[in-house]
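For reference, the structure is listed below as structure tokens.
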Amino acid sequence: MKQSERLNKIPPYLFAEIDRKISEARAKGIDIISLGIGDPDTPTIPTVVTEMHVAIDDAKNHDYPPYNGTEQFRKASVNWMKKRFGVDLDVNTEMLANIGSKEAIAHVFFAFVDEGDYTLIPDPGYPVYKNATIFAGGTPYSMPLLAENNFLPDFEKIPEDIAKKSKLMFLNYPNNPTGASCDLEFFKKAVDFCKKYDILLCHDQAYCEMTYDGYIAPSVLEIEGAKDIAIEFFSHSKSYNMTGWRVGFVAGNASAIKALGTIKNNIDSGVFKAIQQAASKAYEAPQEQIDNLNKMYKERKDIMEAGLRELGWDIKPSKATFYLWLRVPNGYTSEEFATIMLEKAGIVVPPGNGYGAYGEGYFRIALTKDVETLKKALARMKEAGIRK
Ligand SMILES: *Cc1c(COP(=O)(O)O)cnc(C)c1O
């Protein structure tokens, strides 16, 4: 049996590789602390769980859902975009439910990218952007996210011929893996660039509610005229601790939403209606439920950053996400350092190059373990003599 060529063109999924290394280390009897995957370690917010108990008992929720999402979910999502960002959206044409944003992010490439087309993707970046480009037959062009540029791409550095051949650009702020954030001025530049070259601007907003120190993340759709070329992918996963529920939405440009909807109509059959009902309630959850999560991550972040400073790391505190993006010590590649962390300290960290060539020289820490575990990880690093 010979598998398709397209499967040979992508690297092994980063976390599949990490899972394999963990199993190997466990088999050798090493006690593992995984700071690897960005998956919240605490339960879904109570408002959502409570509503799910009601929703699942309602037989009206047991059949196939509408392809574009239930009216309740789309309306609740539109209302939230208005309340949170002041953005007006049409419930029927500018809002689409997705099965968690990873699904919709992967599928949007099939709606816009043909053989020979380019996509503009952040590097380092969420691996789906690159791999879905390849699956769709396109060529990913890396926009480097560099520390000296606060991990924002420099649109002026994109060669004109590449821009002309590009169909789609992805941005993601607050950013995975770098923890960087952006302001509206940056989004304005992105919108102007994409309008100039007739590129669909896709903004992945997975972390917009996970922010600290008074920072409030903007939506790209706040930019006047953004809806002419932009769509935004919101996910309940990180904001409401709902990674396992698989729900979110895409909002913005009506023809892009329609195109993505056509791909999806032919591939999936939507999100369980009870989940959409519970997800609709997430927007009404008392702000305290979200603030409590952010307080928890902030405490972890402060402890981890202080501990790493003691071990020689120079850390610029970030305003968002539960990631720390850190340089590996001099003389090591990302992979070599990740292996040392695993073998000497029993700590799993993804090597930065797993997120793209410009991630080489970095590693990522996800603050998805409790304070005790983070302290234990720091102690193990100290004991193993791991320093910047
Ligand atoms: C977690 C994550 C997603 C995926 O979220 P789901 O809605 O759970 O599929 C998308 N983009 C980025 C950058 C992420 O880190």
Side-chain angles (χ1 to χ4, degrees), residues 13-16 18 35-45 48 69 73 77 80 96-109 119 121-133 140 143 145 151-153 168-182 201-211 217 219-220 231-251 260 264 267-268 270-272 275-276 278-279 282-283 293 297 318 320-325 349-350 352 354-356 358-359 364-368:
Y13 191 62
L14 179 61
F15 291 108
I18 291 170
L35 305 178
I37 299 190
D39 190 355
D41 57 314
T42 54
T44 298
I45 58 167
V48 173
F73 178 74
S77 301
W80 182 77
L96 176 67
N98 64 41
I99 314 173
S101 60
K102 184 180 190 179
E103 170 270 304
I105 289 168
H107 282 140
V108 76
F109 290 87
T119 64
I121 60 157
D123 183 344
Y126 186 54
V128 180
Y129 315 140
K130 179 181 182 178
N131 295 343
T133 299
M143 300 186 291
L145 306 189
F151 300 109
L152 300 172
L168 189 158
M169 173 192 285
F170 249 95
L171 294 175
N172 163 222
Y173 292 98
N175 184 258
N176 174 12
T178 68
S181 43
C182 77
L201 175 57
C202 297
H203 181 233
D204 178 352
Q205 215 191 21
Y207 295 92
C208 64
E209 301 307 87
M210 198 185 281
T211 59
S219 158
V220 72
I231 55 176
E232 195 157 62
F233 296 74
F234 176 81
S235 167
H236 284 57
S237 289
K238 317 289 170 34
S239 299
Y240 308 117
N241 274 4
M242 290 176 66
T243 46
W245 296 60
R246 313 312 305 137
V247 63
F249 66 74
V250 194
L260 172 57
K264 281 173 56 56
I267 291 180
D268 67 67
V271 178
F272 182 30
I275 289 179
Q276 294 193 56
Y283 307 123
L293 291 177
Y297 293 129
S318 81
T321 78
F322 50 23
Y323 301 116
L324 303 183
W325 183 243
V349 287
Y355 299 91
Y358 289 92
R364 194 189 75 177
I365 282 178
L367 300 165
T368 48

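Residue numbers count from 1 along this sequence. Counting starts at 1 for both ligands and their atoms, in listed order.
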Show which atoms of ligand 1 fall inside a sub-4.0 Å distance from at least one heavy-atom site of [X].
X      : answer
Gly100 : 7 (O), 9 (O)
Ser235 : 5 (O), 6 (P), 7 (O)
Arg246 : 6 (P), 8 (O), 9 (O)

If you define the side chain from C-beta out and look only at heavy atoms, does anything of [X] sit under 4.5 Å from [Y]?
X      : Y      : result
Thr119 : Tyr129 : no
Met143 : Leu171 : yes
Phe73  : Tyr283 : yes

Kindly confirm or rule out an N or O of [X] lying under 3.5 angstrom from an N or O of ligand 1.
X      : answer
Asn176 : yes
Tyr126 : no
Lys102 : yes
Ser237 : yes
Asn172 : no

Review point. Out of curiosity, is Tyr207 lining ligand 1, as in a heavy atom under 4.0 Å away?
Key: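 It does, in that a heavy atom of Tyr207 comes within the 4.0 Å cut-off of ligand 1.
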
Practice item. Starting from atom 5 (O) of ligand 1, find the nearest protein heavy-atom neighbour and note its residue, name and distance. Key: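 For atom 5 (O) of ligand 1, the nearest protein heavy atom is Ser101 OG, 3.4 Å.
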
**Study point:** For atom 11 (N) of ligand 1, the protein heavy atom that lies nearest, with its residue and separation
**Key:**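 For this ligand atom, the closest protein heavy atom is Asp204 OD2, 2.6 Å.
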
Check your understanding: Testing Tyr126, Tyr207, Phe151 for ring pair (Phe, Tyr, Trp, His ring centres under 6.0 Å) with Tyr323, which one passes?
Key ->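 Per the ring pair (Phe, Tyr, Trp, His ring centres under 6.0 Å) rule, the option paired with Tyr323 is Tyr207, out of Tyr126, Tyr207, Phe151.
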
Review point. Do Asp204 and Ser101 get their side chains close enough for a donor-acceptor pair, meaning under 3.5 Å?
Key: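 On atom types as modelled, these side chains do not qualify, holding no pair under 3.5 Å.
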
**Study point:** Pair Phe234 and Trp80, ring centroids less than 6.0 Å apart
**Key:**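 Phe234 vs Trp80: aromatic centres under 6.0 Å.
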
**Study point:** Evaluation steps, side-chain contact (heavy atoms from CB on, under 4.5 Å), between Tyr355 and Thr178
**Key:** CA-CA 10 Å; Tyr355 299 91; Thr178 68; over 6 Å; no

Check your understanding: Relative to ligand 1, is Lys238 under 4.0 angstrom through side chain, backbone, both or neither, heavy atoms considered?
Key ->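 Side chain only.
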
**Study point:** Under-4.0 Å salt bridge between Lys264 and Glu103
**Key:**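 The answer is yes: the pair qualifies as a salt bridge.
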
